[in-house]
Amino acid sequence: MEVRLVENEVRGAILFDGLEQALLGFGTQQGREAIAIYSLKKILLILSRDMSQVDAEEFFLFNIQGLWAGERTPIVLNDTVPVEEVLKWL
């Protein structure tokens, strides 16, 4: 039953091709369909296999962060800074 529920929730979600290892899971909000959630840290690691760190960051900013593919555009979780540090900024 749980597997079927998750399958129904994620059907039709937009995914980033080639970044499967950076996929953390799926998130939902009341009344909205599931959205894929990716790790920024893992995305940059994957991209930097084929390009420099600077080029990977530039590619991310332009082609991934700058992407709008509709309501189900994936979310990228910025996990490059520890949560404890972020909480200090609030």
Less than 4.5 Å apart, side chain to side chain, heavy atoms only: is that true for L90 and L87? yes
Are any non-hydrogen side-chain atoms of T28 and E33 less than 4.5 angstrom apart?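 A side-chain contact is absent here, since even the closest heavy-atom pair is not under 4.5 Å.
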Residue set satisfying side-chain hydrogen bond (donor to acceptor under 3.5 Å, both in side chains) with N63, at least two apart, ordered chain then number -> none
Check for me, please, whether [X] and [Y] land in the same ILVMFWY cluster - side-chain distances under 4.5 Å, paths through other members count.
X   : Y   : result
L77 : L19 : no
L23 : I75 : no
L24 : L15 : no

Smallest heavy-atom separation, A69 atom then T73 atom, equals N-OG1, 2.6 Å
On a heavy-atom basis, which atom in E85 and which in V81 lie closest, and how many Å separate them? CB-CG1, 3.7 Å
Identify every side-chain donor-acceptor pair in residues 53-61 under 3.5 Å, counting partners at least two apart or on other chains, and give the distances.
unit_1, atom_1, unit_2, atom_2, d
Q53, NE2, E57, OE2, 3.2
D55, OD2, S52, OG, 3.3

Which side-chain N or O atoms in residues 35-44 pair as donor and acceptor under 3.5 Å with protein atoms at least two apart or in another chain?
unit_1, atom_1, unit_2, atom_2, d
Y38, OH, F16, N, 2.8
S39, OG, K41, N, 3.4
S39, OG, K42, N, 3.1
S39, OG, D79, OD1, 3.3
S39, OG, D79, OD2, 2.5

